Amino acid sequence: MTPEDLAGVVRAAVAQLQAEGALTGDLPEEIVIERPRSKEHGDYATPVALTLAKSAGRPPREIAELLAGRLTATPGIEAAEVAGPGFVNLRLAADAQGQVARAIVDAGTAYGHGIGHAGQSINVEFISANPTGPIHLGHARWAAVGDAIARVLEADGASAVREFYINDRGVQMDRFGASVQAVADGRPVPEDGYHGAYIADLAAQIVAEHPEFLGLSEEEQHVAFREAAYLVQLKQQQQVLDLFRTHFDVWYSERSLHASGAVERGMQRLREQGHVFELDGAVWLRTTDFGDDKDRVLIKADGEMTYFASDTAYYVDKRERGFDVAIYLLGADHHGYVNRLRAVAACAGDDMDRNVEVLIGQLVKMMKNGEEVRLSKRAGTIITLEDLIDEVGVDAARYSLIRYPVDSPLTLDLDLLVKRTNDNPVFYVQYAHARIASVLRNATDLGIDWREASFDAGLLRHEREADLLLALAQFPAIVASAAELREPHRVPRYLESLATAYHRFYDVCRVLPRGDEELTDQHVARLWLCAATRQVIANGLSLCGVSAPDRM
RNA sequence: GCGCCCGUAGCUCAAUGGAUAGAGCAACCGGUUUCUACCCGGUCGGUUGGGGGUUCGAAUCCCUCCGGGCGCGCCA
């Protein structure tokens with residue numbers, strides 16, 4: 001029995017008490033089932049009597065007594081006791097608990113999936129780095145977390161699209177092109193250009209492929225280098241992100257946004273909604289109607305579109321493409337955009353509390369040998385995602401970027417991330433998976449076919465077995481909350497506690513028969529438990545985009 | 001000046017308004033004849049930055065002060 005099953009049981013009990021007139025008031029929307037911190041309080045607890053007390057007009061403990069009496073008589077529940085101010089503490093029967101193992105093995109990769117976001121189409125936009133340089137450490141956090149958010153949303157039933165907005169238009173592109181062109185020409189990079197070491201590499205590559213560029217007129221040459229460098233750089237970004245296992249569904253070009261007429265359509269939409277006005281020769285959007293601290297210019301007095309106009313059109317375009325929710329993942333230096341983007345949604349006639357979400361991620365730093373890493377091998381002054389992958393590998397990098405809530409600054413300790421001991425969480429979790437895989441392999445070698453043998457769930461009554469089963473049963477709720485709160489860090493945190501529960505079990509519960517010992521139902525039951533644990537660890541790691549190795 | 005985020009054990013960090021605030025590291029002590037010791041157990045460690053409020057209950061929500069980070073263009 002999972003917590004979700006239990007919530008259903010409690011709900012039914014409350015509904016029945018109300019139907020019988022033993023209890024008045026409303027049926028709560030959600031039945032909260034918690035895992036008590038202390039084991040003395042049972043496997044699960046519900047504070048539902050406390051929340052019911054007000055509308056029922058009776059003391060919480062009295063309601064709890066009624067509920068406990070009803071629940072005690074329910075199959076699968078061994079004990080229901082009233083405690084404290086009105087909690088009902090529940091203890092499950094070993095058999096009901098143990099069936100979780102079978103349910104997990106039967107569900108396979110689908111275990112943990114939910115329907116909380118069923119029917120929702122969600123656009124998750126992240127990184128959106130300018131195609132004028134490598135993906136760097138500042139983007140890396142989102143590369144991992146953004147992808148994990150999409151994975152978790154999908155697991156909870158949503159249709160999620162990972163989208164990368166390519167800023168392939170405007171002044172930065174020109175400066176980038178001019179920088180590459182200058183180096184190719186043997187001139188110094190302009191003051192306002194790009195000075196990273198990678199610019200010279202780009203220039204050399206392009207000259208090698210297109211020696212004819214050098215003979216072009218200044219104007220033609222600029223365009224030629226800009227376009228060639230842009231394509232090479234974009235490709236390089238895409239390759240690094242692929243290597244990092246973050247695969248975008250849509251690479252959306254800003255140029256195509258303009259070329260398609262989306263900007264005009266977006267502008268039209270805003271005008272229809274009545275939030276556009278003119279002042280001092282410029283065209284403005286009255287974002288202050290919806291909580292922004294100042295109105296924003298869409299078209300400057302010189303007739304040029306602002307970047308904000310593109311942003312606005314892009315949002316409208318996303319909605320026109322059918323997304324219910326547009327999630328933006330931005331760095332802390334962009335937090336000023338939060339109110340602006342929300343106001344854009346409202347100005348477009350949308351619900352800014354539902355159709356748009358802006359998540360802000362704080363800075364990432366890297367430490368090595370006790371010092372902050374400031375220089376990149378490749379890019380000179382910026383640390384790249386490629387540097388990070390080189391240092392610790394994709395698994396450790398993704399895992400540690402996902403492991404922390406994004407709203408606090410993060411310092412990655414590179415020395416720690418390459419360690420292969422239990423102070424390095426990713427290895428700790430992966431090791432648990434490899435350990436189980438090894439046990440299952442050995443079972444096969446011994447000719448044990450546990451899947452076909454009879455599974456007696458009631459045999460899993462050792463304290464460590466019960467703890468492990470409780471941990472396994474938690475997984476669907478963890479996935480659901482990670483999706484709902486857009487907090488994928490809950491998954492690795494959970495995996496660490498699950499790995500601990502497994503190692504503790506393994507430490508005292510022998511799984512396979514020793515020597516010429518006979519195979520018993522107990523061995524079989526423990527193999528089911530192992531298989532279930534392996535499955536959940538694999539499913540959880542998959543939500544992080546981290547591999548689940550069978551051997552280490 | 002205005003705004004956003006953060007402040008939890010010596011360190012890095014958890015905790016969806018729930019019961020005695022938890023892990024790992026560090027420090028110290030212990031555990032394996034056979035399934036992966038990359039593991040497990042124990043000890044030590046806290047006025048959740050300070051103060052006030054909301055309620056059955058606050059690290060969590062509100063106010064205020066202190067400390068830190070970031071942002072406030074007809075730039076992109």
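Below, chain A is the first sequence line, B the second, and so on; all start at residue 1. Both backbone and side-chain heavy atoms feed into the values below; hydrogens, waters and symmetry mates do not. Fair warning: this is a prediction, and the values are worked out from it, not measured in the lab.
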Of A:Trp284 and A:Ile478, the one whose closest RNA chain B nucleotide lies more 5': A:Ile478
A:Phe277 six-ring face occupied by A:Arg271 cation (under 6.0 Å, within 45°): no
Sugar-phosphate, base or nothing in reach of A:Asp516, heavy atoms under 4.0 Å: nothing
Sugar-phosphate, base or nothing in reach of A:His503, heavy atoms under 4.0 Å: sugar-phosphate
Contact check, side chains of A:Val263 and A:Asp317, non-hydrogen atoms, under 4.5 Å: no
Sugar-phosphate, base or nothing in reach of A:Cys509, heavy atoms under 4.0 Å: base
Proximity of A:His503 and A:Tyr431 rings by center, below 6.0 Å: yes
Given B:C70, B:G18, B:C35, the nucleotide with the shortest approach to the side chain of A:Thr51: B:G18
Euclidean distance, atom CG of residue A:Leu417 to atom C1' of B:C13 [Å, nearest integer]: 14 Å
Touch class at under 4.0 angstrom, heavy-atom based, for A:Leu50 against every strand present: base
A:Asp407 CG to B:U16 C1', straight-line distance once rounded to whole Å: 14 Å
Euclidean distance for P, B:A19 against B:G52 (whole angstrom): 22 Å
Candidates B:G18, B:C72, B:A76 - which lies nearest the side chain of A:Lys300: B:A76
A:Pro492 backbone acceptor or donor facing A:Arg403 side chain under 3.5 Å: no
Separation of the P atoms in B:G24 and B:G41, to the nearest angstrom: 8 Å
Distance, rounded to the nearest Å, where A:Met552 contributes CE and B:C39 contributes C1': 13 Å
Sugar-phosphate only, base, or nothing, as touched by A:Tyr404 at under 4.0 Å among non-hydrogen atoms: sugar-phosphate
P gap between B:C5 and B:G46, integer Å: 31 Å
Sugar-phosphate only, base, or nothing, as touched by A:Gly84 at under 4.0 Å among non-hydrogen atoms: nothing
B:C25 and B:G49, which share atom name P, separated by this distance in whole Å: 25 Å
A:Arg493, nearest nucleotide to its side chain (from B:A14, B:C35, B:A76): B:A14
Sugar-phosphate only, base, or nothing, as touched by A:Arg441 at under 4.0 Å among non-hydrogen atoms: base
Nucleotide nearest A:Val171 when distance is taken to its side chain, options B:A76, B:G71, B:G41: B:A76
Options B:G3, B:C40, B:A14, nucleotide nearest the side-chain atoms of A:Pro405: B:A14
B:U60 and B:C11, which share atom name C1', separated by this distance in whole Å: 24 Å
Nucleotide B:C5, atom C1' - distance to CZ of A:Arg486 in whole Å: 20 Å
Pairing nucleotide - B:G7, Watson-Crick or G-U, each distance under 3.5 Å: B:C66
Residue A:Arg340, side-chain heavy atoms: nucleotide from B:A76, B:A19, B:A37 that is nearest: B:A76
Any donor-acceptor N/O pair under 3.5 Å between B:A19 base and A:Asn89 side chain: yes
Closest to side chain of A:Tyr337, choosing from B:C75, B:C40, B:A19: B:C75
Option among A:Trp251, A:Tyr252, A:Tyr314 that satisfies the side-chain hydrogen bond (donor to acceptor under 3.5 Å, both in side chains) test with A:Glu163: A:Tyr314
B:G18 base stacked by A:Phe87 (centroids within less than 5.5 Å, tilt under 30°): no
Any-strand Watson-Crick or G-U partner of B:U33, both distances under 3.5 Å: none
Residue matched to B:G57 through Watson-Crick or wobble contacts both under 3.5 angstrom: none
Near-ring test A:Phe475/A:Tyr494, centroid separation under 6.0 angstrom: yes
Span that lies between the P atom of B:C62 and that of B:G3, in whole angstrom: 15 Å
Residue whose closest nucleotide on RNA chain B lies nearer the 5' end, A:Asp550 versus A:Thr411: A:Thr411
Test applied, side-chain contact (heavy atoms from CB on, under 4.5 Å); reference residue, A:Val524; option that passes from A:Val511, A:Leu519, A:Asp449: A:Leu519
Minimum-distance nucleotide to A:Gln172 side chain [options: B:C40, B:A76, B:U36]: B:A76
Sugar-phosphate, base or nothing in reach of A:Phe308, heavy atoms under 4.0 Å: nothing
Length of the CD1-C1' vector between A:Ile360 and B:G69, whole Å: 14 Å
Sugar-phosphate, base or nothing in reach of A:Arg296, heavy atoms under 4.0 Å: nothing
Atom-to-atom span, CG of A:Leu485 to P of B:A15 - whole angstrom: 10 Å
Nearest-angstrom distance from the residue atom CG of A:Asn339 to C1' of B:G3: 8 Å
Touch class at under 4.0 angstrom, heavy-atom based, for A:Asp302 against every strand present: nothing
Aromatic ring proximity A:Phe126/A:Tyr328, centre distance under 6.0 Å: no
Any A:Tyr502 side-chain N or O less than 4.0 Å from OP1/OP2 of B:C38: no
Whole-Å distance separating the NZ atom of A:Lys294 from the P atom of B:G71: 15 Å
Sugar-phosphate, base or nothing in reach of A:Glu34, heavy atoms under 4.0 Å: base
Enclosure of A:Glu191 CD (heavy-atom neighbours >12, cutoff 6.0 Å): no
Sugar-phosphate, base or nothing in reach of A:Arg514, heavy atoms under 4.0 Å: base
Sugar-phosphate only, base, or nothing, as touched by A:Ala282 at under 4.0 Å among non-hydrogen atoms: base
Pairing nucleotide - B:A23, Watson-Crick or G-U, each distance under 3.5 Å: B:U12
Candidates B:A19, B:C38, B:C35 - which lies nearest the side chain of A:Tyr431: B:C38
Nucleotide nearest A:Tyr307 when distance is taken to its side chain, options B:C40, B:G18, B:A76: B:A76
Watson-Crick or G-U wobble partner of B:C2, both distances under 3.5 Å: B:G71
Phosphate-side-chain proximity, A:Asn442 and B:U36, N/O vs OP1/OP2 below 4.0 Å: yes
side-chain N/O A:Arg490 vs B:U16 OP1/OP2, d < 4.0 Å: yes
B:G57 to B:C2 separation - C1' atoms, rounded to the nearest Å: 36 Å
Aromatic ring pairing A:Tyr194/A:Phe176, orientation class (parallel under 30°, perpendicular over 60°, tilted between): perpendicular
Touch class at under 4.0 angstrom, heavy-atom based, for A:His334 against every strand present: nothing
Rounded C1' spacing from B:G68 to B:U8 in Å: 15 Å
